[in-house]
Participant: 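Structure below; questions to follow.
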Amino acid sequence: MKPAIATVGTFDGFHNGHRQLIARLIDEGRARGLESVAVTFGTHPLALVAPERTPRLLESRDELRSRLEGSGVDRVVWLDFDRQLASLTAAGFLAMLRERYGVVAVLMGYDNSFGSDRLRTPSEYVEAGRSSGVEVIFDDPYLQPETGIAPASSLLRRCLADGRVDLFTLYTGRHYSLGGTVAHGHRNGHRLGFPTLNIAFDSSRCIPARGVYAGSVAVGGRSYPAVINVGHNPTIADGNPVTVEAHAIGADLGNRYGEQAAVTFSRRLRDERRFDSLEQLREAIRADIDAARTSDKTANKP
């Protein structure tokens, strides 16, 4: 087994800070003649140790796998975060990485932590590494030039909760995307003259704040510019659950029930609101479509 340098994290949302960390990992590996390894988990660690605090995910495991494998690292290791792994101290975790995966050095992000003993300071992690035969080094935080803020998965979730899909794009370099299965709805869009695809998404995923967005919808191997509604459809009926529906602009997608589809959010157009009549709702939808059409043409690219 070739000796390796590793970095460890959930990498949820894979933002610009993660990109800097991975880039340095690869550089350190090349400089030291070590294999670069990204270590992550099949499920979020909090799902085991504090289920009530488990965050909604910013991407599926398949999406994260694709991003990590395409990042340039030599190898991606997926750990099963079970009770045995959760019980390891920082030194024990580092020793396990050395014995099982040949890790001789670990690059830690500025806010990274691991181990049941909840170490707090860099010097404590360095000492844990020394006792387990693993060198521990630290990366500097990445500060987004436009805001001076260090991206974090928790920050990305707040951006989405506020409907700031533009900030998600800034901190990650891509638009937020949400996939699922086309499901039967109430066909309200058809009755209004603006048919939509109702996307049944995984309940573990983050959804943006209720409102109307410009973006795109991908289904059947093609992507279409779209107006996306996230909300309760209050004009049609009260008490509806939150749905994610996409109207493909200028395209009749026909019956797509049961197919996989994904919506990509590029820009927030307006808040969700209740209209006094269906005709007012129709006029608002027409205005939303016009606003989406006049958006920057690059905004709909994932």
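Residues: numbered from 1 along the sequence shown. Note: hydrogens, waters and symmetry copies are ignored here, and every other heavy atom, side chains too, is used.
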Participant: Can you tell if the side chain of Ser153 reaches within under 4.5 Å of the side chain of Leu58, non-hydrogen atoms only?
Facilitator: yes

Participant: Hey, are the side chains of Val212 and Ile228 touching, using non-hydrogen atoms and a 4.5 Å cut-off?
Facilitator: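 A side-chain contact under 4.5 Å is absent here.
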
Participant: If we only count heavy atoms from C-beta on, is the Pro208 to Tyr176 side-chain gap below 4.5 Å?
Facilitator: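 Side-chain contact under 4.5 Å: yes.
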
Participant: Provide the full list of salt bridge (Lys or Arg N to Asp or Glu O under 4.0 Å) pairs with a residue in residues 114-127, sequence neighbours left out, each pair given once.
Facilitator: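 Every pair satisfying salt bridge (Lys or Arg N to Asp or Glu O under 4.0 Å) with a residue in residues 114-127: Glu127-Arg130.
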
Participant: Measure centre to centre between the rings of His175 and Phe168, then say whether the value is under 6.0 Å.
Facilitator: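 They do not qualify: ring centres at least 6.0 Å apart.
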
Participant: Decide yes or no for Asp166 and Leu170: does some side-chain heavy atom of the first lie under 4.5 Å from some side-chain heavy atom of the second?
Facilitator: no

Participant: Sequence neighbours left out, what pairs pass salt bridge (Lys or Arg N to Asp or Glu O under 4.0 Å) with at least one residue falling in residues 101-111?
Facilitator: none

Participant: Quick one: does Ser116's side chain get under 4.5 Å of Ser87's, heavy atoms only?
Facilitator: no

Participant: Among all residues two or more places apart in sequence or in another chain, which pass the side-chain contact (heavy atoms from CB on, under 4.5 Å) test with Glu99?
Facilitator: Ala95

Participant: Can you sort out the partners of Gln84 under side-chain contact (heavy atoms from CB on, under 4.5 Å), two or more places apart, ordered by chain and number?
Facilitator: Asp82

Participant: Run the side-chain contact (heavy atoms from CB on, under 4.5 Å) test against Arg53 and tell me which residues pass, sequence neighbours left out.
Facilitator: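 Arg53 satisfies side-chain contact (heavy atoms from CB on, under 4.5 Å) with Leu46, Ala50 only.
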
Participant: Only one of Leu178, Ile207, Thr169 forms a side-chain contact (heavy atoms from CB on, under 4.5 Å) with Phe265, so which one is it?
Facilitator: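 Only one of Leu178, Ile207, Thr169 forms a side-chain contact (heavy atoms from CB on, under 4.5 Å) with Phe265, namely Leu178.
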
Participant: Going by distance alone, is a donor N or O of one side chain under 3.5 Å from an acceptor N or O of the other, for Thr10 and Asp12?
Facilitator: no

Participant: Applying side-chain contact (heavy atoms from CB on, under 4.5 Å), can you list everything that pairs with Tyr110, at least two apart in sequence or on another chain?
Facilitator: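 Tyr110 satisfies side-chain contact (heavy atoms from CB on, under 4.5 Å) with Pro141, Ala150 once adjacent residues are dropped.
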
Participant: Is any NZ, NE, NH1 or NH2 atom of the basic residue among Arg270 and Asp288 found under 4.0 Å from an Asp or Glu carboxylate oxygen of the other?
Facilitator: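 A salt bridge is present here (some side-chain N lies under 4.0 Å from a carboxylate O).
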
Participant: Among residues two or more places apart or on two chains, list those pairs meeting salt bridge (Lys or Arg N to Asp or Glu O under 4.0 Å) that have a residue in residues 248-258.
Facilitator: Arg256-Glu259

Participant: Side chains of Leu25 and Val73: does their closest heavy-atom pair fall under 4.5 Å?
Facilitator: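 They are in contact (side-chain heavy atoms under 4.5 Å apart), so the answer is yes.
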
Participant: Checking Thr147 against Tyr171: is there a side-chain donor and acceptor pair closer than 3.5 Å?
Facilitator: yes

Participant: For the pair Glu59 and Arg174, find out whether any cationic side-chain nitrogen is under 4.0 Å from an anionic carboxylate oxygen.
Facilitator: yes

Participant: Just jot down the salt bridge (Lys or Arg N to Asp or Glu O under 4.0 Å) partners of Arg19, sequence neighbours excluded, or say none.
Facilitator: none

Participant: Does the side chain of Thr181 reach to within under 4.5 Å of the side chain of Ile199, using non-hydrogen atoms?
Facilitator: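 They are not in side-chain contact.
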
Participant: Does Ser60 offer a backbone N or O that forms a donor-acceptor pair with the side chain of Glu63 under 3.5 Å?
Facilitator: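 Yes.
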
Participant: Count the heavy atoms belonging to other residues, nucleotides or ligands that lie under 6.0 Å from CZ of Arg30, then report whether that count exceeds 12.
Facilitator: no

Participant: Quick one: are Thr7 and Val39 in side-chain contact, heavy atoms under 4.5 Å?
Facilitator: no

Participant: If you measure from the Lys or Arg side-chain nitrogens to the Asp or Glu carboxylate oxygens, is any gap between Arg164 and Asp162 under 4.0 Å?
Facilitator: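 Answer for the salt bridge query: no.
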
Participant: Per the salt bridge (Lys or Arg N to Asp or Glu O under 4.0 Å) rule, what does the pair list look like for residues 210-223, sequence neighbours excluded?
Facilitator: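 Of all non-adjacent pairs touching residues 210-223, those that pass salt bridge (Lys or Arg N to Asp or Glu O under 4.0 Å) are Arg210-Glu272.
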
Participant: Between Val106 and Ile5, is a side chain to side chain contact (heavy atoms under 4.5 Å, CB included) present by the stated rule, with each step listed?
Facilitator: CA-CA 6 Å; Val106 164; Ile5 181 171; over 6 Å; no

Participant: Which ring pair (Phe, Tyr, Trp, His ring centres under 6.0 Å) pairs, counting each pair once, include a residue from residues 67-94, with sequence neighbours left out?
Facilitator: Phe41-Phe81, Phe93-Phe114

Participant: Not counting sequence neighbours, list each pair that qualifies as a side chain to side chain donor-acceptor pair (under 3.5 Å) and has a residue in residues 34-48.
Facilitator: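 Listed once each, the pairs are Glu35-Arg75, Ser36-Asp74.
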
Participant: Give me each pair satisfying ring pair (Phe, Tyr, Trp, His ring centres under 6.0 Å) with a member in residues 4-38, each pair once, sequence neighbours excluded.
Facilitator: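 Of all non-adjacent pairs touching residues 4-38, those that pass ring pair (Phe, Tyr, Trp, His ring centres under 6.0 Å) are Phe11-His18, Phe14-His18, His15-His18.
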
